[in-house]
A.B. asks: 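One structure, as structure tokens, below. Some questions next.
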2 protein chains.
Amino acid sequence: MRMSELLKRSGMPLATVKYYLREGLLAPGEKVGATMADYGEEHVRRLALIRALTEVVGLPIAGVRTIVGLIDEPEADRFSTLGRAIEVLPPAVEADPDGDYPRARAALEEIGQLYDPGYAAVAQLERGLAAAESVGLPMGRERLHGYARHIMAIAEIDLAQLPGADTPRAVEYSVLGTAVYEPILAAMRRLAHQDLASRMLGGVAADRDR
Amino acid sequence: MRMSELLKRSGMPLATVKYYLREGLLAPGEKVGATMADYGEEHVRRLALIRALTEVVGLPIAGVRTIVGLIDEPEADRFSTLGRAIEVLPPAVEADPDGDYPRARAALEEIGQLYDPGYAAVAQLERGLAAAESVGLPMGRERLHGYARHIMAIAEIDLAQLPGADTPRAVEYSVLGTAVYEPILAAMRRLAHQDLASRMLGGVAADRDR
DNA sequence: CCCGATTGGATAGCTGTACTATCCAAGGTA
DNA sequence: TACCTTGGATAGTACAGCTATCCAATCGGG
């Protein structure tokens, strides 16, 4: 298809698509003549991916470039591909292999989980725990163990749905799956809070049956 | 304390603190003379809260203003206070009470959860589900039920830790608790993925045999 | 084969956010 | 008295993420 149709399919303005092309988020179409290029379904899908990552996951353009780069050309193994993807997910914190992450270390040891200080997620956990502490809501043992058990169960669900190993699709799944289900899980927790609050405290939905 | 000490305690530059004062995120100090004001511990805590919300939760300044406004002057009941707070949490989506949220409705009915279409979190869930679908990772029944069970358990942990009802502290807890534990849960899930991936696929923390 | 429309490519401009810097005058301080 | 701090106001900066315009080379319907 040509540019005009790609615009119609994606619903995006020309200037924006050109911007994504310039930024290397979208591969150029196959050139067919000096002033015309051909685009395919993969371009439509890529534009949907860009929109999902920017608008829903909240990724800046540079982060989107990293993610789509990893999908197109993964690292040697899926483990480090996933690691590099996680580094750019908000709230982005650069991991320092020699860094000290006292809260994260204590928490992960407490729940007996394997970790490497080079994981970006360790730095992210440290920041989150420090932030909770700084606003007067430090994470207690009870909450930590409860969270850990249920989060591990959720992660197992995620892994169980992973498509057949060693396909390029599996890389895409593990990278995108971590990112795109996060806002869904956040929304579900917010709804669960409101559900529980309305039952406990009385509210709009409390008069419904269950 | 005076401005200079507040700056030392918070580690922020003068211009930034003045900016937060202008934007109404930080209450002015008690005036003690025409060119001098007195600040207290609550100002130090408030600055820590602002930094946590902007840097870790990722809230824009306008959202921080809403949250601190709700903590200082909550709505009539905690249920609607929490609802208003959730509206500004990223990814912010304005709820339309007459809107149609087909994916969210189907999902919530499937798991038998109470909801009101006016909840911002319903719109947020809809967007998340639509985004997952648009990148080729639609949420299946199995995953939905699994997520729902464990998310509900996590929400129950949150509610169980709620301080004595009807204290101003309880409002602060429910508003901040929803927001500040979100990045922690996200980081824990990312770590759980890496933990499971390293065991299954071989990686830094495990042997490479499979 | 002609002429208006489309395209790719380049460059410049715009909008919003979150600060950051400067200036000033009043007032405190040594 | 001379200097420093403070509060208050205003202007400027840096960056992200688009958005708009221009141009020349086609393309393609009549």
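Hydrogens, waters and symmetry mates are skipped; everything else that's a heavy atom, side chains included, is used. Reminder, nothing fancy here: chain letters follow the sequence lines and each chain counts from 1.
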A.B. asks: With sugar-phosphate meaning primed atoms plus P, OP1 and OP2, does P28(A) contact a base, only sugar-phosphate, or nothing at under 4.0 Å between heavy atoms?
C.D. replies: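 Answer is nothing: P28(A) stays at 4.0 Å or more from every strand.
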A.B. asks: Please figure out whether T54(B) or K18(A) has its closest DNA chain C nucleotide nearer the 5' end.
C.D. replies: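 First, find each residue's nearest nucleotide; the 5'-ward one identifies K18(A).
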A.B. asks: Pick the closest DNA chain C nucleotide for M36(A) and for R22(A) by heavy atoms, then say which residue is nearer the 5' end.
C.D. replies: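 Upstream on the strand: M36(A).
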A.B. asks: Give a yes or no on whether a salt bridge exists between E126(A) and R105(A), defined as a side-chain N under 4.0 angstrom from a carboxylate O.
C.D. replies: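 No.
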A.B. asks: Does CD in E30(B) sit with more than 12 non-hydrogen atoms of other residues, nucleotides or ligands closer than 6.0 Å?
C.D. replies: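 No - once you tally the heavy atoms of other residues, nucleotides and ligands closer than 6.0 Å, there are 12 at most.
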A.B. asks: Distance check needed: dG7(D) C1' versus L6(B) CG, whole Å only.
C.D. replies: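 Result: 14 Å.
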A.B. asks: Distance check needed: dG17(D) P versus R51(A) CZ, whole Å only.
C.D. replies: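 About 16 Å, once rounded to whole Å.
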A.B. asks: Under 4.0 Å: is that the gap between some side-chain N or O of T35(A) and OP1 or OP2 of dT6(C)?
C.D. replies: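 Result: no.
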A.B. asks: Indicate whether OP1 or OP2 belonging to dG17(D) is found under 4.0 Å from a side-chain N or O atom of T16(A).
C.D. replies: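 No, no such contact exists.
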A.B. asks: Rounded to the Å, how far apart are D38(B) CG and dG7(D) P?
C.D. replies: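 Taking atom P of dG7(D) as the reference, CG of D38(B) is at 10 Å.
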A.B. asks: In whole angstroms, how far is the P atom of dT5(D) from the NZ atom of K8(B)?
C.D. replies: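 Rounded to whole Å, this separation is 11 Å.
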A.B. asks: Would one find a side-chain N or O of Y19(A) under 4.0 angstrom from OP1 or OP2 of dA12(C)?
C.D. replies: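 Y19(A) to dA12(C) OP1/OP2: no side-chain N or O under 4.0 Å.
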A.B. asks: Please check if the number of heavy atoms outside E142(B) that lie under 6.0 Å from its CD is greater than 12.
C.D. replies: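 No, CD of E142(B) has 12 or fewer neighbouring heavy atoms, counting only those of other groups under 6.0 Å.
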A.B. asks: From dG7(D), dG17(D), dT20(C), pick the nucleotide closest to the side chain of A15(B)?
C.D. replies: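 Of the options given, the side chain of A15(B) lies nearest dT20(C).
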A.B. asks: Looking at every heavy atom in both S198(A) and F79(B), which two are closest together, and how far apart are they?
C.D. replies: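 So the minimum-distance heavy-atom pair works out to CB-CE1, 3.4 Å.
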A.B. asks: Respond yes when some side-chain nitrogen or oxygen of Y20(A) is under 4.0 Å from OP1 or OP2 of dG17(D), and no when none is.
C.D. replies: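 No, Y20(A) has no side-chain N/O under 4.0 Å of OP1/OP2 on dG17(D).
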A.B. asks: Can you list the steps and then say if I111(A) with M152(A) is a side-chain contact (heavy atoms from CB on, under 4.5 Å)?
C.D. replies: CA-CA 11 Å; I111(A) 63 177; M152(A) 191 51 83; over 6 Å; no
A.B. asks: Less than 3.5 Å between a donor and an acceptor, one on the side chain of K31(A) and one on the base of dG8(C), is that the case here?
C.D. replies: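 There is none.
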A.B. asks: Calculate the interatomic distance between E30(A) atom CD and dG8(C) atom C1'; express it in whole Å.
C.D. replies: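 Answer to the nearest Å: 16 Å.
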A.B. asks: Round to a whole Å and report the spacing from CD of E55(B) to C1' of dA18(C).
C.D. replies: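 In whole Å, dA18(C) C1' and E55(B) CD are 12 Å from each other.
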A.B. asks: Round to the nearest Å and state the distance from L25(A) atom CG to dG17(D) atom C1'.
C.D. replies: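 Distance, rounded to whole Å: 11 Å.
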A.B. asks: Within the modelled atom types, does a donor on one side and an acceptor on the other bring the side chain of R2(A) and the base of dT26(D) under 3.5 Å apart?
C.D. replies: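 By the distance-only test, no, there is no pair.
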A.B. asks: Taking CG from L21(A) and C1' from dG17(D), how many angstroms apart are they, rounded to a whole number?
C.D. replies: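 It is 15 Å, rounded to the nearest whole Å.
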